[in-house]
Protein chains: 2
Amino acid sequence: MGQDLSRDLPITAYALLGLLSFGDSLTGYELKQRADRTLRFYWVSPAMSQVYSELERLHDLGLVKSQGDARSTSYSLTSRGSSVLTDWMNTSPVGFPVLKHPVALRLLLGALADPARVTNMLRDHLAALDEERAALEQVRHSLEGQDQPGDPFRYPALVADWGSSYFEHERTIVEDLLRRIHEGT
Amino acid sequence: MGQDLSRDLPITAYALLGLLSFGDSLTGYELKQRADRTLRFYWVSPAMSQVYSELERLHDLGLVKSQGDARSTSYSLTSRGSSVLTDWMNTSPVGFPVLKHPVALRLLLGALADPARVTNMLRDHLAALDEERAALEQVRHSLEGQDQPGDPFRYPALVADWGSSYFEHERTIVEDLLRRIHEGT
DNA sequence: ACAGCCATGTAACTCGTTACATGATTAC
DNA sequence: GTAATCATGTAACGAGTTACATGGCTGT
């Protein structure tokens, strides 16, 4: 029982530690909500069941401590957890982003599909993009007033701006593509 | 033996079928190279071993046919493979992109890291971005002359332009972030 | 001779998902 | 009372990875 301390954790584990690094104590359920609100834009929001199993592992490793009963347990970082996370931030190899883009993948094969399907797909993507962007901007607004240098949410604010700008630009690209597809017909 | 025909294939299987939909016949090895050159920008380039196992499954399902011996086997689409792929293009739910962005994830937690580390990370990301973009633009150039409406590589060209524009914009965002981080210090 | 590429696979393993199951608390 | 939300887990499974193993062919 327990975990092999010599093995590296998956990045998702560090991400969850990161979500716990803002000073509060969260239940698995709340942690999942926070992941849905923020983490999902730059990483992935793990399934509920994975949140619980990951918390169990982190607890076994002594990186988080729990309080409360079986009915409702909340977790917070231990000092070891905090130092492991800081160490990961400072020394782990970063790597290049991986994008799984089902719209681009299908556009690549656009010749195989009904032309109307391609157009609809891109239009639907525009709508989805707007929705996601609105959700992200809501998060961004909730950080206002605590987003200046030295404030606790400065970095989350920077990342949220990054995401917004990404969504905004993606919109203009897709609009462009729609135009190019139609002028050529 | 054989595969359960009622089950859906993973998207990666359709992606591989898609790479075989340009009329030629490829070995597993060549298919992996094509994935490394193109697919990796919008999806993921599967490991060598997965390419082989996926090809075996597609063969079992009658979606690709093989020619050659055990020394070197090349695969091409069957008409069933082609119609399954077209059907997937026209009817499958598309879904929103998933981005796993280790740089953004770490920037979110930037407060925990050495400030120099954050800066270096972003600068390294700029360099990596330029490399990736150069690779993609090389692909794009190889499509020139066959990228007009009606040409075989029109859609791949559109997607390559999408990718280029994405890399370009990501560069400007990161440059902006670097500026914002330094003016606030 | 030796390096590097072409080519094909097997085995073990982890991550992460979906489906399932349970029950308490809160709001209407 | 009943629906939604809060809360926690188990089980089965699939996708995809890394490590390993093999061997032919090509260029120098």
Side-chain angles (χ1 to χ4, degrees), chain A residues 1-17 25-37 39-40 43-61 64 66-75 93 95-96 98-100 102 105, chain B residues 1-17 25-37 39-40 43-61 64 66-75 93 95-96 98-100 102 105:
Chain A
M1 68 150 79
Q3 287 280 332
D4 177 0
L5 293 172
S6 66
R7 269 192 49 74
D8 278 9
L9 293 167
I11 299 188
T12 300
Y14 293 104
L16 292 178
L17 284 180
S25 185
L26 299 179
T27 66
Y29 191 90
E30 291 166 331
L31 187 55
K32 164 68 172 164
Q33 290 181 318
R34 183 169 292 180
D36 283 344
R37 252 175 77 85
L39 192 60
R40 79 153 203 272
W43 196 250
V44 116
S45 191
M48 205 59 258
S49 65
Q50 200 194 352
V51 171
Y52 287 115
S53 53
E54 210 62 71
L55 280 172
E56 197 188 342
R57 159 158 54 183
L58 295 172
H59 189 256
D60 282 2
L61 290 170
V64 298
S66 59
Q67 46 198 340
D69 51 23
R71 195 84 82 236
S72 178
T73 315
S74 52
Y75 295 88
F96 198 74
V98 172
L99 180 62
K100 287 194 174 188
L105 175 59
Chain B
M1 66 151 77
Q3 288 280 331
D4 178 359
L5 294 172
S6 65
R7 270 194 50 73
D8 279 9
L9 294 168
I11 300 188
T12 299
Y14 294 105
L16 292 178
L17 284 179
S25 185
L26 299 178
T27 67
Y29 192 90
E30 290 166 332
L31 187 55
K32 165 66 171 163
Q33 289 181 319
R34 183 170 292 180
D36 284 343
R37 253 176 77 85
L39 192 60
R40 80 152 202 273
W43 196 249
V44 115
S45 190
M48 204 61 258
S49 65
Q50 200 195 352
V51 171
Y52 287 115
S53 54
E54 210 61 71
L55 279 172
E56 196 189 341
R57 159 159 55 183
L58 295 172
H59 189 256
D60 282 1
L61 291 170
V64 298
S66 59
Q67 44 198 341
D69 50 23
R71 195 83 82 237
S72 177
T73 315
S74 54
Y75 295 88
F96 199 74
V98 171
L99 180 61
K100 287 193 171 189
L105 174 60

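A quick note: this is a predicted structure, and the numbers were derived from the prediction, not measured. First the proteins, then the strands, lettered A, B, ... as listed; each starts at 1.
- Each of C:dT8, C:dT17, C:dA24 was ranked by its minimum atom distance to the side chain of B:T73; first place goes to C:dT8.
- The shortest distance between the side-chain N/O atoms of A:T27 and the OP1/OP2 oxygens of D:dC6 is not below 4.0 Å.
- If you take CD1 of B:I11 and P of C:dT17, they are 14 Å apart, rounded to a whole angstrom.
- Distances were taken from every side-chain heavy atom of B:Y29 (C-beta onward) to each of C:dG16, C:dA7, D:dG16; the shortest belongs to C:dA7.
- When side chains are defined from C-beta on, B:Q33 does not count as touching B:S45, because their heavy atoms never get closer than 4.5 Å.
- B:G28 and B:L55 make their closest contact through CA-CD1, 3.7 Å (heavy atoms, listed as atom of the first residue, atom of the second, distance).
- Side-chain atoms of B:R40 come within 3.5 Å of backbone N or O of B:D36 as a donor-acceptor pair.
- As judged by a 4.0 angstrom heavy-atom cut-off over every strand, B:S53 is placed among residues making no nucleic acid contact.
- For the pair B:M48 CE and C:dA11 C1', the computed distance is 17 Å after rounding to whole Å.
- Between the P atom of D:dC6 and the CG atom of A:D36 lies a distance of 12 Å, rounded to the nearest Å.
- Between the A:E54 side chain and the A:V51 main chain, no donor and acceptor come within less than 3.5 Å of each other.
- Distances shorter than 4.0 Å separate none of the side-chain N or O atoms of A:Q50 from OP1 or OP2 on C:dC15.
- In this structure, the CG atom of A:D8 is 18 Å from the P atom of D:dT17, given to the nearest Å.
- Between the CG atom of B:L31 and the P atom of C:dC6 there is a distance of 15 Å, rounded to whole Å.
- Not one side-chain nitrogen or oxygen of B:Y52 sits closer than 4.0 Å to the OP1 or OP2 atom of C:dG9.
- For the OP1/OP2 pair of D:dT5 and a distance below 4.0 Å, the side-chain nitrogens and oxygens of A:K32 include no atom meeting the criterion.
- Using a 3.5 Å distance cut-off with no hydrogens or angles, the side chains of A:Q67 and A:S25 do pair a donor with an acceptor.
- Nucleotide C:dG16 holds its P atom 11 Å from the CG atom of A:L39, rounded to whole Å.
- Residue contacts shown for A:S45 are limited to sugar-phosphate atoms, with no base heavy atom under 4.0 Å away.
- At whole-Å resolution of the value, CH2 in A:W43 and C1' in C:dG16 are 13 Å apart.
- If you measure from atom CD of B:Q33 to atom C1' of C:dC5, you get 9 Å, rounded to the nearest angstrom.
- Among the nucleotides D:dA7, C:dG16, D:dT17, the one closest to any side-chain atom of A:E30 is D:dA7.
- Out of D:dG16, D:dC6, D:dT18, the shortest distance to the side chain of B:A47 is found at D:dT18.
- Note on B:R57: a side-chain N or O is less than 4.0 Å away from OP1 or OP2 of D:dA15.
- Checking the phosphate oxygens (OP1, OP2) of C:dT8, no side-chain nitrogen or oxygen of B:S49 falls inside 4.0 Å.
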